[in-house]
Amino acid sequence: MKIEIPGKTAIITGSSAGLGWGSAAALAAAGSTVVLTGRYAEKLQAAKERLLQAVPGASVRLHVADLTTAAGCSSLVEAEPSCDILVNSLAKNWTPKDFFNTPDEEWETSFQASVMPGVRCTRGYLRQMMDRGWGRVLFLSSVEAVHVNPDSLDYAFTRAAVLNLSRGLAKIAGASGVTVNSMLIGVTMTEGTESVLRAMLPTPDTDLYTFGAAAVKQRYPTSVDGRVHTVEEVTNLVVYLCSELSSAMTGGTFRVDGGIVENLV
Ligand SMILES: NC(=O)c1ccc[n+]([C@@H]2O[C@H](COP(=O)([O-])OP(=O)(O)OC[C@H]3O[C@@H](n4cnc5c(N)ncnc54)[C@H](OP(=O)(O)O)[C@@H]3O)[C@@H](O)[C@H]2O)c1
């Protein structure tokens with residue numbers, strides 16, 4: 001099924017790389033104009049060129065700003081005053097940390113980088129979406145929100161926070177025609193995941209996906225498919241949730257996790 005989302009403007013936070021970039025590419029392929037955001041002009045320009053190679057003729061704009069700050073989010077809303085689809089992807093990288101040696105500043109940084117961009121950008125765009133009677137707000141989260149591993153609590157608490165935020169914002173949007181949802185994502189072969197896995201490879205010629213599968217099973221014994229997913233496997237759902245087809249789905253948390261999360265509902 002090819003999903004079309006023509007004539008919409010999609011803003012994706014943290015989209016110079018990773019799932020943010022992947023979401024932008026997938027939404028551009030569906031016909032939306034996409035706005036890529038990131039802190040570095042050169043990196044963002046390279047991301048745009050990569051996107052245009054993947055989706056020739058795509059309509060792509062760039063906004064350079066540090067969206068982990070209030071000023072960065074304000075500059076985005078000022079430069080891009082109209083938004084139909086907001087994908088809140090930005091989050092500080094997952095890194096293992098010892099709880100007893102994680103200072104307050106690290107918790108604060110995680111909160112500012114991984115929760116507040118979603119708060120501020122949604123505050124900037126939700127009302128206009130409601131006034132127009134159509135919009136999509138999506139929060140990318142992680143299985144770590146509910147499958148809590150104690151080595152990365154400063155990441156996990158932000159992933160749980162955005163689920164809560166998403167549910168509450170869906171209630172604010174109500175029956176306006178704007179849906180607000182979140183996604184629980186498992187291990188995905190982004191550039192970041194690839195470099196973490198490559199650093200752990202026992203030999204340089206070990207197959208990355210085979211090694212990744214072993215790492216998934218070790219960290220998430222409940223995983224049903226026991227493997228690393230491709231970016232496209234995740235962004236297929238991003239596109240669906242941002243399309244007209246998902247109009248009855250709001251206030252939900254949807255999984256692309258290979259069955260890691262045990263809950264039935
Ligand atoms: N990758 C996975 O396996 C995975 C699994 C589960 C959930 N997720 C979720 O998917 C979303 C995207 O994750 P990802 O792994 O694809 O991201 P990523 O590759 O680590 O980062 C992608 C973007 O985030 C920005 N970024 C990263 N750290 C930042 C910081 N400290 N301050 C400001 N910007 C920062 C980068 O922008 P700059 O150009 O400014 O550096 C980049 O555009 C997150 O919400 C994450 O929780 C990912």
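Both ligands and their constituent atoms are indexed starting at 1 by order of listing.
If you number the atoms of ligand 1 from 1 as listed, the ones under 4.0 Å from a heavy atom of Gly38 come out as 40 (O). Near Leu90, meaning under 4.0 Å from any of its heavy atoms, are these atoms of ligand 1: 24 (O), 25 (C), 26 (N), 33 (C), 34 (N), 35 (C).
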Distance-only donor-acceptor hits, side chain of residues 16-30, under 3.5 Å, sequence neighbours excluded:
{"from": "Trp21", "atom 1": "NE1", "to": "Ala47", "atom 2": "O", "distance (Å)": "3.0"}
{"from": "Ser23", "atom 1": "OG", "to": "Leu19", "atom 2": "O", "distance (Å)": "2.7"}

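A single hydrophobic cluster is seen to contain both Leu197 and Ile260, as judged by linkage of ILVMFWY side chains at heavy-atom distances under 4.5 Å, directly or through other members. Under the 4.5 Å side-chain heavy-atom criterion for Ile, Leu, Val, Met, Phe, Trp and Tyr, Met249 and Ile85 are members of the same hydrophobic cluster.
With respect to atom 21 (O) of ligand 1, the closest heavy atom belonging to the protein is Asn93 OD1, 4.3 Å. If you check which protein heavy atom lies closest to atom 22 (C) of ligand 1, you get Ala17 O, 3.6 Å. Counting only heavy atoms of the protein, atom 29 (C) of ligand 1 lies nearest to Arg39 NH2, 3.5 Å. Ranking protein heavy atoms by distance to atom 23 (C) of ligand 1, first place goes to Gly14 O, 3.3 Å. Here the heavy atom of the protein found nearest to atom 3 (O) of ligand 1 is Thr188 N, 2.9 Å. At the top of the distance list for atom 15 (O) of ligand 1, counting protein heavy atoms only, stands Thr190 OG1, 4.0 Å. Nearest protein heavy-atom contact of atom 39 (O) of ligand 1 is Ser16 OG, 2.6 Å.
In this structure, a donor-acceptor pair under 3.5 Å is present between the side chains of Thr203 and Asp205. In the model, Glu49 has no side-chain atom that pairs as donor or acceptor with a side-chain atom of Gln53 under 3.5 Å. Side-chain N/O atoms of Ser59 and Thr33 include a donor and acceptor closer than 3.5 Å.
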* To do: Run the numbers on Ser182 and Thr253 for side chain to side chain donor-acceptor pair (under 3.5 Å), then give the verdict.
  => CA-CA 5 Å; Ser182 56; Thr253 296; 2.9 Å; yes
* side chain to side chain contact (heavy atoms under 4.5 Å, CB included) evaluation trace for Ile185 with His229 -> CA-CA 9 Å; Ile185 300 167; His229 304 123; over 6 Å; no
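Taking all heavy atoms of Ser141, Gly20, Gly18, Gly186 into account, the minimum distance to atom 4 (C) of ligand 1 is reached by Gly186. Nearest to atom 14 (P) of ligand 1 by heavy atom, out of Leu19, Thr69, Thr68, is Leu19.
Protein heavy atoms all stay at least 4.0 Å away from atom 17 (O) of ligand 1.
Salt bridge status for Glu144 with Arg219: present, with a side-chain N to carboxylate O gap under 4.0 Å. The existence of a salt bridge linking Glu191 and Arg50 is confirmed by a sub-4.0 Å separation between a basic side-chain nitrogen and an acidic carboxylate oxygen.
Ligand 1 has no N or O atom lying under 3.5 Å from any N or O atom of Glu191, backbone or side chain. Checked by distance only, ligand 1 and Thr37 stay at 3.5 Å or farther apart across all their nitrogen or oxygen atoms. Any N or O atom pair closer than 3.5 Å counts here, and Ser142 shares no such pair with ligand 1. Between Tyr155 and ligand 1, at least one pair of N/O atoms sits closer than 3.5 Å.
Considering every non-hydrogen atom in both Gly72 and Thr69, the closest pair reads N-OG1, 2.9 Å. Leu76 approaches Cys121 most closely through the heavy-atom pair CD2-SG, 4.0 Å. Of all non-hydrogen atoms in Met130 and Ile172, the two that sit nearest each other are CE-O, 3.3 Å.
Under a 4.0 Å heavy-atom criterion, Ser89 is in contact with ligand 1.
With a 4.0 Å heavy-atom cut-off, ligand 1 is reached by the backbone of Ile185 and by its side chain too. Contacts with ligand 1 closer than 4.0 Å are made by side-chain heavy atoms of Thr193 only, the backbone lying farther away. Of all the heavy atoms of Trp21, none lies under 4.0 Å from any atom of ligand 1, so neither backbone nor side chain is involved. The part of Lys43 lying near ligand 1 is the side chain, judged by heavy-atom distances below 4.0 Å. By the criterion of a heavy-atom distance under 4.0 Å, the backbone of Ser15, and not its side chain, is placed next to ligand 1. Only side-chain heavy atoms of Arg159 come within less than 4.0 Å of ligand 1; its backbone N, CA, C and O stay farther off.
A donor-acceptor contact shorter than 3.5 Å links the side chain of Ser246 to the backbone of Leu241.
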